[in-house]
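Encoded as structure tokens, the structure appears first; notes follow it.
Remember, it's 1-based here, ligands and their atoms both numbered in the order they're listed. Along the sequence shown, residues are numbered consecutively beginning with 1. All values below were derived from every heavy atom in this structure, side-chain atoms included, with hydrogens, water molecules and symmetry-related copies excluded. Keep in mind it's a predicted model, so treat the numbers as computed, not measured.
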Amino acid sequence: MTDLVAIARSLFAPGKGILAADESVHSATTRLAAYGIAATPEMRRQYRDLFLGAENIEQYLSGAILFEETLDQKGDDKKLFASSLSLRGIAPGIKVDLGTEPFPESAKELITSGLIGLPERLEKYKKQGSVFTKWRAVYRIDGDHLPSPQAIHENAKRLANYAKEVQAAGLVPIVETDVLIEGKHSRSRSRMVLEQVFGALFSVLAEYAVDKASVILKTAMALSGSENQKKDSPEEAAEDTLAALLGHVPRQLAGIVFLSGGQEPAQATENLAAICRLAREKGAPWPLSFSYARALQDEALALWKGKAENVPAAREAFLERLAKISAAVSP
Ligand code: 13P
């Protein structure tokens with residue numbers, strides 16, 4: 001039998017974290033378009049290879065989350081991406097939700113879909129080398145009303161159903177709670193929403209008897225909204241983020257990784273370092289690390305521009321950011 005707890009724990013090797021390279025075709029197209037790159041399947045393959053094919057990433061990465069399309073693609077080394085990652089000691093993971101749809105009970109909110117046919121897809125992903133999975137629930141803050149308790153509860157149920165299916169298939173689940181930074185909200189409102197989201201999620205996970213010891217939480221930090229004038233110091237962000245986690249996340253969890261959520265790369269690095277420092281001071285019970293997409297990729301993409309001659313400079317920028325983010329989570 002697969003030792004899911006051991007796999008989950010191995011993703012928290014000291015100084016290592018997870019690269020989120022699992023943008024859907026739609027998100028990857030938007031991301032590349034911002035740099036004037038037309039997203040054909042071949043350009044998306046080159047985009048993945050820019051990061052997954054970079055030398056020495058295994059020094060900083062314990063895992064990489066892929067999108068379904070990438071599982072069928074090969075790097076410039078002519079090996080399937082998942083195989084070359086495994087060979088370098090980086091665990092391949094896979095995003096298994098199918099994106100969001102409007103929530104019927106509350107028209108302005110989104111709910112994550114993808115439970116129908118999930119067991120069959122999991123079987124296929126496992127055969128293709130995936131050892132862990134991710135499901136992202138998204139929560140938009142609007143005043144004191146949104147997210148609604150109904151949307152929070154429905155997302156919690158779907159996350160728990162997903163986690164249960166994934167463990168039954170012999171894979172590790174990452175449950176992602178992406179409380180968006182977009183909005184005018186205060187940091188304390190962001191913390192309050194995180195607390196509500198964690199409260200609902202861990203109560204439903206317990207109800208569904210999901211084994212917590214092999215579950216990884218991937219979460220946003222408690223931060224002031226992007227349209228709020230207030231700029232949080234790393235210490236402020238750390239204080240509220242950790243308070244929300246310590247109050248609501250069971251100690252048995254395998255660990256917690258953070259998403260970057262649209263923060264500038266330097267800010268995502270400094271906030272993470274402050275969170276890890278404070279967690280050590282407070283004796284937090286779980287290992288903490290990163291699972292960034294944008295904060296790890298943006299500087300490299302700006303240099304790459306889809307051109308082969310820019311690959312070395314872009315990879316150098318990626319490795320530099322990776323080294324700094326790794327230092328932020330190093331004991
Ligand atoms: P960001 O780090 O860009 O927020 O992405 C992480 C992620 O996986 C979002 O689902």
Side-chain angles (χ1 to χ4, degrees), residues 11 17-35 47-48 50-52 60-70 90-100 110-114 130 132-141 155 158-159 162-163 172-183 190 193-194 197 201 216-223 225-226 237 241 255-273 275 288-302 318 321-322 324-326 328-329:
L11 291 166
I18 300 170
L19 171 67
D22 63 332
E23 296 82 359
S24 62
V25 168
H26 176 75
S27 301
T29 303
T30 318
R31 194 71 46 83
L32 294 181
Y35 299 97
Y47 160 50
R48 303 310 187 185
L50 177 67
F51 298 100
L52 303 175
Y60 309 110
L61 293 179
S62 55
I65 316 174
L66 308 178
F67 185 68
E68 191 170 26
E69 179 185 57
T70 313
I90 302 170
I94 175 83
K95 169 188 171 76
V96 305
D97 66 74
L98 298 177
T100 54
L110 295 172
I111 208 86
T112 305
S113 67
S130 305
F132 71 99
T133 66
K134 180 190 106 171
W135 177 288
R136 171 178 178 255
V138 56
Y139 312 84
R140 183 178 294 280
I141 301 180
N155 264 323
R158 294 185 187 197
L159 280 162
Y162 141 81
V172 167
I174 296 185
V175 290
E176 179 175 1
T177 53
D178 189 352
V179 174
L180 298 175
I181 200 168
E182 284 79 18
S190 161
V193 170
L194 283 170
V197 165
L201 174 60
I216 294 170
L217 171 67
K218 171 164 177 167
T219 185
M221 301 171 186
L223 297 170
S226 52
T241 302
I256 299 170
V257 290
F258 292 93
L259 58 93
S260 58
Q263 300 176 70
E264 290 298 319
Q267 187 193 5
T269 310
E270 286 158 24
N271 285 346
L272 184 62
I275 292 171
L288 304 179
S289 192
F290 61 89
S291 177
Y292 287 172
R294 284 166 287 178
L296 273 170
Q297 297 181 20
D298 283 356
E299 292 156 312
L301 284 177
F318 171 50
R321 179 55 58 193
L322 203 43
K324 287 180 185 155
I325 294 177
S326 155
V329 301

Listed partners of Asn155 passing side chain to side chain donor-acceptor pair (under 3.5 Å), at least two apart: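 With neighbours one apart ignored, the set is empty.
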
Salt bridge or not between Arg136 and Asp178? Use side-chain N to carboxylate O under 4.0 Å.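 A salt bridge links Arg136 with Asp178.
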
Per-atom contacts, ligand 1 versus [X] - under 4.0 Å to a heavy atom:
{"X": "Arg136", "result": "10 (O)"}
{"X": "Lys218", "result": "6 (C), 7 (C), 8 (O)"}
{"X": "Leu259", "result": "2 (O), 4 (O), 6 (C)"}
{"X": "Ala20", "result": "8 (O)"}
{"X": "Tyr292", "result": "2 (O)"}

Please identify which of these residues, Leu159, Val257, Val175, Ile174, meets the side-chain contact (heavy atoms from CB on, under 4.5 Å) condition with Leu217.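 Filter result, single survivor: Val175.
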
Tell me whether the count of non-hydrogen atoms from other residues, nucleotides or ligands lying under 6.0 Å of CD in Glu182 goes above 12.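 Above 12, so yes.
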
Would you say ligand 1 has an N or O under 3.5 Å from any N or O of Ser260?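 In this structure, Ser260 places an N or O atom under 3.5 Å from an N or O of ligand 1.
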
Any N/O pair Lys134/ligand 1 closer than 3.5 Å: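 Min N/O separation from ligand 1 is below 3.5 Å for Lys134.
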
Any donor-acceptor N or O pair under 3.5 Å, side chains Lys324, Thr269: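 Looking only at side-chain atoms, Thr269 and Lys324 do not form any donor-acceptor pair under 3.5 Å.
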
Quick one: nearest non-hydrogen protein atom to [atom], plus distance?
{"atom": "atom 5 (O) of ligand 1", "answer": "Ala293 CB, 3.3 Å"}
{"atom": "atom 9 (C) of ligand 1", "answer": "Glu176 OE2, 3.2 Å"}
{"atom": "atom 4 (O) of ligand 1", "answer": "Gly261 N, 2.7 Å"}

Would Lys95 count as a contact residue for ligand 1, given that I'm defining contact as a non-hydrogen atom of the residue lying under 4.0 Å from a ligand atom?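 Outside the 4.0 Å threshold, so no.
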
Aromatic ring pairing Tyr292/Phe290, orientation class (parallel under 30°, perpendicular over 60°, tilted between):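 Because their plane-to-plane angle lies in the 30° to 60° range, the rings of Tyr292 and Phe290 count as tilted.
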
Quick one: look at Arg294 and ligand 1, take heavy-atom pairs under 4.0 Å, and tell me if it's side chain, backbone, both or neither.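 The part of Arg294 near ligand 1 is both the backbone and the side chain.
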
For a 4.5 angstrom cut-off between non-hydrogen side-chain atoms, does Pro173 reach Tyr162?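 Answer yes - side chains close enough.
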
Can you run down the salt bridge (charged side-chain N to carboxylate O under 4.0 Å, His left out) pairs that involve residues 23-34, sequence neighbours left out, and say none if there aren't any?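 Qualifying pairs, neighbours excluded: Glu23-Arg31, Glu23-Arg48.
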
